[in-house]
Amino acid sequence: MTTRASTRPRQEGCTASPATLKTISLRKSHSLEKYFKGRFHATRMFKDIADVMTPGFSGKEVRIRGWIWRTRGSGKIVFPTVRDPSGAIQVTVKKGNLPDPQFEDALKALIESSVEITGTVKADERAPGGYEILATSFNVVGFAEAYPIQKDQSEEWLRENRHLWIRSRKMVAILKVRHTVVGAIHQFFRSRGYYEFDPPVLQPNQCEGGSTLFEVKYYDMTTYLSQTWQLYAEAGTFALGKIYDMAPTFRAEKSKTSRHLCEFWMAEMEAAWMELPEVTEVAKEEIKFIIGEVLKNNKADLEFLGRDISKLEVCLEKPFPTISYTEGLDILKKDGMDVEWGKDLRTLEEEGIMRHFDTPVVVTHYPKDIMAFYKPVDEKATAPGPVAKCFDMLAPEGGMEIVGGSERDTSIAELSKYLERDGENPANYQFYMDLRRYGSVPHSGYGVGVERLIQWICGLDNIKDAIAFPRTSTRMTP
RNA sequence: GCCGUCGUAGCUCAGCCUGGUGGAGCGGCUGACUGUUAAUCAGCAGGCCACAGGUUCAAAUCCUGUCGACGGCGCCA
């Protein structure tokens, strides 16, 4: 910044010569060095709260910092409970153990005030959590105003105040699980030789007929926010072979359900030379791997969320079954739910099928007529009508669709035919057709709804809690 | 897009059916209290009863419309 200022001193209203400016900037950098050094050591002096709540720290003096989570007190003693990202501990502030102004501050500090505390760790049965810190210093860094989130909270109010609600133990637990899920997806694909391949977010065409897209003003033209990476992934897979990505996805449908977002993260893969049977196995392995990582790293978080962990553990032990759409209808028929062959499975029916399973299930070979244009007909399949080489993965406990994928049609004639069926102009898919002209091979891919997966793993009622700042048809704030 | 539920204090709600000067708990503020666990006790402040019309001597309350939030279905990950 100093360099830039010195090149245009007049504009900055500065009359000093360039030489003077140089001297000033040197002096500044000396004090900066001191400043940086000081802060660096300060950071190392503070302990994580979870770490000091162990027998080894009893009787020792520590420094912690965080936010007041709950507080209560009387005239001469205050009990703020302080949280940091690792945990929460009760602090006991007694008048006389620290300077009076600090005691007054401790008494005055409202919930979510930020604090730095020095004191002795003590195991004490009277303290929630079994440990407390007897404060000898209580420094309020930022006094909080009356916190809007109290014990009585409506869903609407919590969403209105999402920027504050993410500090809650519930949201922190979910966000930690999310961190594991996202990391596991990268780890899964990278360790198996997949390349990360990033598609454009602004895309000129829609890909799955019927879905509503968000329009974006692009200079004096119109473009759309991506609702899938697929068309671009198919191009990428003929360059890199096996690819994956995790990216924001946008759907403008006005869905009002507990499992839809307008902006969500989709983890997708695409692989050349891969056909339907193999791609379904990759999807099963991926979901299994993610569950395993969450169970390894987030048991405490799942327990806090009240999740029945045995329902996840069983998914590691047992193979995920694969059934066809037609077999799915047979299962429903035995339960007295008659679905006409050719109709898509609705939420109710998916739920009905999944009542018979305690692991995720892959459902393949849906009727071609109700499937997207790029899902090829399986000539070898035996079914009452033409079926596509496609699959969904349904989660147990409700039958939510967590994965959707397919083999990709390589025939220009077939693709054109079904684009026209959907009222699309094949001419708008020039580059997609090109991929079929220059050495096409069988290839397949699928997408995982990251928030849906998190919703199921955490056992959340609503998908809006699986992401920090949910975007729906009726909410785009905060 | 269709169907349903709900809008009253900063928050959570009662009051509405059967019209007659707007309530409680929590939180905030003031005071008391040296071991609290959602601390307790006393007091104070805080309201365009979503908005707009209508009926009526009189509307938070009855009627009509609008807006907003939430959920179910459809669509999908």
Side-chain angles (χ1 to χ4, degrees), chain A residues 69-81 88 90-97 103 107-108 110-112 122 124-130 132 134 144-161 164-165 207-212 227-230 246-268 283 287 343-351 366 370-372 391-395 399-405 446-456 461-464 466-467 472-475 477:
Chain A
W69 185 53
R70 297 277 180 273
T71 182
R72 50 203 163 259
S74 55
K76 306 261 170 51
I77 186 165
V78 194
F79 299 98
T81 301
Q90 171 168 292
V91 177
T92 301
V93 189
K94 288 183 181 175
K95 195 171 179 153
N97 285 359
F103 179 82
L107 201 57
K108 271 192 306 196
L110 300 180
I111 285 172
E112 288 303 320
K122 209 181 95 190
D124 194 312
E125 284 180 4
R126 292 170 297 184
E132 63 178 21
L134 286 167
E145 295 176 27
Y147 201 55
I149 299 175
Q150 311 289 349
K151 77 181 169 100
D152 295 313
Q153 310 141 337
S154 65
E155 294 292 316
E156 185 186 350
W157 185 247
L158 295 181
R159 278 175 203 149
E160 199 69 52
N161 289 279
L164 302 174
W165 178 237
C207 157
E208 302 193 25
S211 284
T212 323
Q227 61 162 341
T228 173
W229 81 326
Q230 188 192 320
M246 187 160 19
T249 300
F250 304 89
R251 305 261 166 105
E253 289 118 353
K254 290 191 171 170
S255 305
K256 292 183 175 182
T257 79
S258 56
R259 57 188 187 283
H260 282 90
L261 294 167
C262 286
E263 176 185 315
F264 64 98
W265 288 71
M266 189 141 70
E268 300 181 89
I287 300 302
K343 289 258 164 87
D344 205 356
L345 297 178
R346 296 174 304 165
T347 309
L348 189 69
E349 282 108 37
E350 290 172 337
E351 212 179 322
Y366 285 73
I370 53 169
M371 287 292 111
F391 76 100
D392 278 350
M393 190 188 291
L394 308 181
M400 191 163 52
E401 294 173 26
I402 51 174
V403 182
Y446 64 81
V448 176
V450 174
E451 284 78 15
R452 284 198 178 173
L453 183 59
I454 293 165
Q455 184 184 0
W456 169 61
D461 291 336
N462 201 306
I463 198 168
K464 296 178 190 77
I467 188 166
T472 67
S473 60
T474 52
R475 176 178 291 286
T477 57

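In what follows, every chain begins at residue 1, and chains take the letters A, B, ... in the order their sequences are listed.
Taking atom CG of A/Asp124 as the reference point, atom C1' of B/U36 lies 11 Å away to the nearest angstrom. The distance between atom CG of A/Leu261 and atom C1' of B/C75, rounded to the nearest whole Å, is 15 Å. Protein atom CZ of A/Phe264 is 8 Å distant from nucleotide atom C1' of B/C76, rounded to whole Å. Here the C1' atom of nucleotide B/A77 and the CH2 atom of A/Trp265 are 15 Å apart, to the nearest Å. In this structure, the CZ atom of A/Phe391 is 15 Å from the C1' atom of B/C76, given to the nearest Å. Rounded to a whole Å, the NZ atom of A/Lys254 is 17 Å from the C1' atom of B/C3. Rounded to a whole Å, the CZ atom of A/Arg159 is 8 Å from the C1' atom of B/C70. Atom CD1 in A/Ile111 sits roughly 7 Å away from atom P in B/G28 (whole-Å rounding).
In the set B/G72, B/G28, B/G35, the nucleotide with an atom closest to the side chain of A/Gln90 is B/G35. Of all nucleotides listed (B/G72, B/G71, B/G35), B/G71 comes nearest to the side chain of A/Asn462. The nucleotide whose nearest atom lies closest to any side-chain atom of A/Lys94 is, among B/U34, B/A69, B/U36, B/U34. In the set B/G27, B/C76, B/G35, the nucleotide with an atom closest to the side chain of A/Ala146 is B/G27. The side chain of A/Lys76 sits closest to B/U34 out of B/U34, B/C76, B/G35.
For B/U34, the OP1/OP2 oxygens have no side-chain nitrogen or oxygen of A/Arg126 closer than 4.0 Å. Considering only side-chain N and O atoms, A/Thr249 lies nowhere under 4.0 angstrom from the phosphate OP1 or OP2 of B/A77. A/Thr347 has a side-chain polar atom (N or O) that falls below the 4.0 Å cut-off from OP1 or OP2 of B/G74.
No donor-acceptor pair closer than 3.5 Å links the side chain of A/Arg452 to the backbone N or O of A/Ile463. With hydrogens and angles ignored, the 3.5 Å screen pairs a side-chain donor or acceptor of A/Glu268 with a backbone N or O of A/Trp229. Of the possible donor and acceptor atoms, none in the side chain of A/Tyr366 sits under 3.5 Å from a partner among the backbone N and O of A/Leu345. Under the 3.5 Å distance criterion, the side-chain polar atoms of A/Thr257 are matched with a main-chain donor or acceptor of A/Arg259.
Looking at A/Val93 and A/Pro80, their side chains come closer than 4.5 Å, going by heavy atoms from C-beta outward. In this structure, A/Tyr446 and A/Met393 have side chains that are not in contact, with every pair of non-hydrogen atoms separated by 4.5 Å or more. Counting only heavy atoms from C-beta outward, the side chains of A/Lys464 and A/Leu261 approach each other to under 4.5 Å. When side chains are defined from C-beta on, A/Gln90 counts as touching A/Arg72, because their heavy atoms get closer than 4.5 Å.
Of all nucleotides present, only B/G25 satisfies the Watson-Crick or G-U wobble test against B/C11, with each distance under 3.5 Å. Across all strands shown, B/G20 forms a Watson-Crick or G-U wobble pair, both distances under 3.5 Å, with B/C57. Pairing for B/A52 is with B/U64, a Watson-Crick or G-U wobble pair whose two hydrogen-bonding atom distances lie under 3.5 Å. A 3.5 Å limit on both hydrogen-bonding distances identifies no Watson-Crick or G-U partner for B/A77. When both distances must be under 3.5 Å, the Watson-Crick or G-U wobble mate of B/U34 does not exist. B/C2 is paired with B/G72 under the criterion used here, namely a Watson-Crick or G-U wobble arrangement in which both key atom distances are under 3.5 Å.
Remark: the A/Arg346 side chain and the B/C76 base include no donor-acceptor N/O pair separated by less than 3.5 Å. Under 3.5 Å, the side chain of A/Glu156 and the base of B/G68 form no donor-acceptor pair of N or O atoms. A/Lys256 contributes no side-chain N or O that forms a donor-acceptor pair with the base of B/G72 under 3.5 Å. At a cut-off of 3.5 angstrom, the base of B/C76 holds no donor-acceptor pair with the side chain of A/Ser255.
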Listing time: all N or O pairs from protein to nucleotides 7-10 of chain B that are below 3.5 Å?
none

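Using a 4.0 Å heavy-atom cutoff across all strands shown, A/Thr474 reaches sugar-phosphate atoms only and no base atom. A/Val78 comes within 4.0 angstrom of no nucleic acid atom, judged by non-hydrogen atoms across all strands. Residue contacts shown for A/Gly404 are limited to sugar-phosphate atoms, with no base heavy atom under 4.0 Å away. A/Thr81 comes within contact range of no nucleotide atom at all, as no heavy-atom separation falls under 4.0 Å.
Stacking between A/Phe79 and the base of B/G35 is absent under the criterion of ring centres within 5.5 Å and planes under 30 degrees.
Each of A/Ala127 and A/His260 lies near RNA chain B, and the nucleotide nearest A/Ala127 is the one positioned closer to the 5' end. The nearest heavy atom of RNA chain B to A/Asp461 and to A/Glu401 marks one nucleotide each, and the one closer to the 5' end goes with A/Asp461.
We find that A/Arg346 and A/Glu349 are joined by a salt bridge, their nearest charged nitrogen and carboxylate oxygen being less than 4.0 Å apart.
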What's the verdict on side chain to side chain contact (heavy atoms under 4.5 Å, CB included) for A/Arg159 and A/Asn462, showing C-alpha distance, side-chain angles and the deciding distance? CA-CA 12 Å; A/Arg159 278 175 203 149; A/Asn462 201 306; 3.6 Å; yes

